[in-house]
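Notes for the one structure printed next.
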Amino acid sequence: MTGILSAALLSLVLYAALAIALIVRSQKKIKKISIKPATIIFVSLFIIASIVNYFILLPITIPYMVIANLVVAIIGIFLLYGMTQTPGKNKRSGPFEATLGLLVIVAVLALPTIFVLGIFTLDNSYESINIEKVEEAKPLSKDDTPITVSPEFARNKTQKSMSVVPNPQFYDLGKLQVQKVGDDVVFVGPVEFTSFWKWFRGKETAGYFTISATNVNAQPEFVDSKMKYTNSSYFNSNIDRVIYGAYPTYIQSGEAQLEVDEDGKPWYVQTLYKPIGLTNKPDLQNLKVAIVDPETGDVKLYASSEAPEFVDGSVSSEMATDVNEYFGKYVHGWLNSIFGKKDVKIPNESGTENSVTPIFNEDGEMYYFTDMSSPKENIDSALGYTLINARTGDLTFYNGKKNTGIMDSTGAKEIVNKEFPEKEWEGSMPVLYNIDGNPTWVVNVLDPNGLLKKYAYIKASDADFVVFGDTARETLEAYRLQLLQDPSNVSSTGDTPLQKRSGEINRVLVTTQKNSQVVQFLLKGDKTIYTITAGKAPLALFLQAGDQVQLEANIRDNGTGIVESISIEGLTE
């Protein structure tokens, strides 16, 4: 309650100053203003402001306090005038008229000033982002499978298991949060109260669900863990109110999310920040995270990067969306974002959580993915994509040649949507991966009920290059095979040095793809699949088992080799 009462008291500062000034000034006049009515109004406004703030939880920041003071002062001065006006007189006395005029002037000056300061502070918020620019992401290794279960599918599956919860009529499934628990990536979803009366009767929620975010066949598991302090609880048991009571000078970003530690104990996690200067704009180098024990209501505050190890998302998806907004739009300031729009990039809204999609790298670290597009209308190509570290808020922008000019996430979803119009299947959770040197959209295909039907792998530079499959691994392997047979893809990337190989031909396969012929072959004792186009080496079309060859190739870690030059004994010198 300390924060609520403090905010209410601070919102009365302007009224108190004006009331005192009126009382002092009136002492020289016949009609005096006594302290009693001013005090009664002060106490009444304090009680009303406390009650109002109990529900709206107004952060104690300069812009909010300025607005609150103006509103309260106008109401208070009108009330004071009404209580001290002489009966039978309709004309306002001079001091009140002057005071109200002063309030109008202050409001006219203060509100635009706060707005203008907020605009100029956008540059500071942009500059507070730790930005790294990278040409392209590391290619997937041959053992990686770049796909996770979509939140829609996980939610649909978990909803069907709500009957295992004690008194299921009291609850609904809350916000799903993806995190890594041990070696598994899972969705964690709390059960939340459905209404005030259900909370009034139940007081505590029953627990939470977990379901694998990587195994489409996994079933949700319910964990019995009583929680008194939740997002759906009321009054002093509400998570937002608990955090506000402890840290009223911070602004909360989005809805608190549930994460579990290695022992299975749940904790509510909320991103907080203090604004820059006289505005409400965030300082992105100084993000905080509040960790709440849902059993006791105890709150602890950490720097976002120093949160306990079990916390994967100390930076909320809402804050990550804001980071993308500042990074993309305000690279050269607010005016440029409106008029010139030089280097401006607009985050796409295809993400699963507030325009971003959580993913995990090979080290188990969580990032928020978003692709960026041009502000110009009717352009559906991407200008690159961002990954935001979910613990530090640091942003990495991938804008190399391969990642610009490719189709954006909206285009990838539309390709899937057009493939199954009669079934009304739609694309969901598009994420861009580097598969064997090719930017590739990986998309879940869901039916109208949110059930996963297929996976789609789409070559980001070619809308006609699409592979569908029933399992993630099967679709990935089929896509890689298609890449090997695509003439436009059979060339060295130049990223790695060429390796010399020689040996005897074991098997040969010649295929025709898009008006070109591709030769693939194996050497005896070598499991690498070598590929070369007939345009690069016409005599390769005549390869047969038993031929001796010498070649230079770019050998990739997925067991393939792109041949740059080849010498065939008996056919070439």
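Below, each value reflects all heavy atoms present in this structure, side chains not excepted, and no hydrogens, waters or symmetry copies.
A donor-acceptor contact closer than 3.5 angstrom is absent between the side chains of T205 and T230. For the residue pair D240 and Y268, no side-chain donor N or O sits within less than 3.5 Å of a side-chain acceptor on the partner. If you check the side chains of D408 and S373, you find no donor sitting under 3.5 Å from an acceptor. A donor-acceptor contact closer than 3.5 angstrom links the side chains of D371 and N348.
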Evaluate N238 against Y244 for side chain to side chain donor-acceptor pair (under 3.5 Å), listing each step before the verdict.
CA-CA 10 Å; N238 180 264; Y244 179 87; over 6 Å; no
Side chain to side chain contact (heavy atoms under 4.5 Å, CB included) between V269 and V289: does it pass, once the steps are laid out?
CA-CA 7 Å; V269 178; V289 59; 3.4 Å; yes
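Counted within 6.0 Å of CG on D183, heavy atoms from surrounding residues, nucleotides or ligands total 12 or fewer; the atom is thus considered open. Counting non-hydrogen atoms of neighbouring residues, nucleotides and ligands closer than 6.0 angstrom, the CD atom of E262 exceeds 12 such neighbours. Environment of OH in Y234: crowded, with over 12 heavy atoms of neighbouring residues, nucleotides or ligands closer than 6.0 Å. Heavy-atom neighbours of E349 CD from other residues, nucleotides or ligands within 6.0 Å: at or below the threshold of 12. The environment of E221 atom CD is sparse: at most 12 non-hydrogen atoms of other residues, nucleotides or ligands sit within 6.0 angstrom. By the 6.0 Å contact criterion, CZ on F196 is enclosed, its count of non-hydrogen atoms from other residues, nucleotides or ligands being greater than 12.
Within the 4.5 Å cutoff, the side chain of K345 has heavy atoms near those of the F327 side chain. Two residues are said to be in side-chain contact when any heavy atoms from C-beta on lie closer than 4.5 Å; F235 and W199 meet this criterion. K228 has its side chain out of reach of K203: every pair of non-hydrogen atoms, C-beta onward, lies at least 4.5 Å apart. Under the 4.5 Å side-chain criterion, counting only non-hydrogen atoms from C-beta, E426 is in contact with N417. By the 4.5 Å heavy-atom criterion applied to side chains, N231 and Q257 are not counted as neighbours. A heavy-atom distance below 4.5 Å is found between the side chains of F360 and D312. Considering only heavy atoms from C-beta on, L383 stays 4.5 Å or farther from N399 through its side chain. Annotation: side chain of P347 is not in contact with side chain of S355 (no heavy-atom distance under 4.5 Å).
Judged by distance alone, the side chain of S125 and the main-chain N or O of L122 form no donor-acceptor pair under 3.5 Å. Within the 3.5 Å criterion, the main-chain N or O of V315 finds a donor-acceptor partner in the side chain of Y368. Checked by atom type and distance alone, the side chain of K288 never pairs as donor or acceptor with a backbone atom of K274 at under 3.5 Å. For R391 (side chain) and V311 (main-chain N/O), a donor-acceptor pair under 3.5 Å exists by modelled atom type. When atom types are taken as modelled, the side chain of N69 and the backbone of L10 share a donor-acceptor pair closer than 3.5 angstrom. In this structure a side-chain-to-backbone donor-acceptor pair under 3.5 Å is missing from S50 to L5.
Ion pair E318/K175 flagged as a salt bridge, since at least one NZ, NE, NH1 or NH2 atom sits closer than 4.0 Å to an Asp/Glu carboxylate oxygen. With respect to the salt-bridge test (charged N to carboxylate O, under 4.0 angstrom), the residues K281 and D283 do not qualify.
A ring-ring contact (aromatic ring centres under 6.0 Å, His included) with F369 holds for exactly one of F397, Y433, Y398, Y385; it is Y385.
The aromatic rings of Y326 and Y330 are tilted relative to each other, their planes meeting at an angle between 30° and 60°.
No cation-pi contact links K198 to Y171, judged by a cut-off of 6.0 Å to the six-membered ring centre and 45° from its axis.
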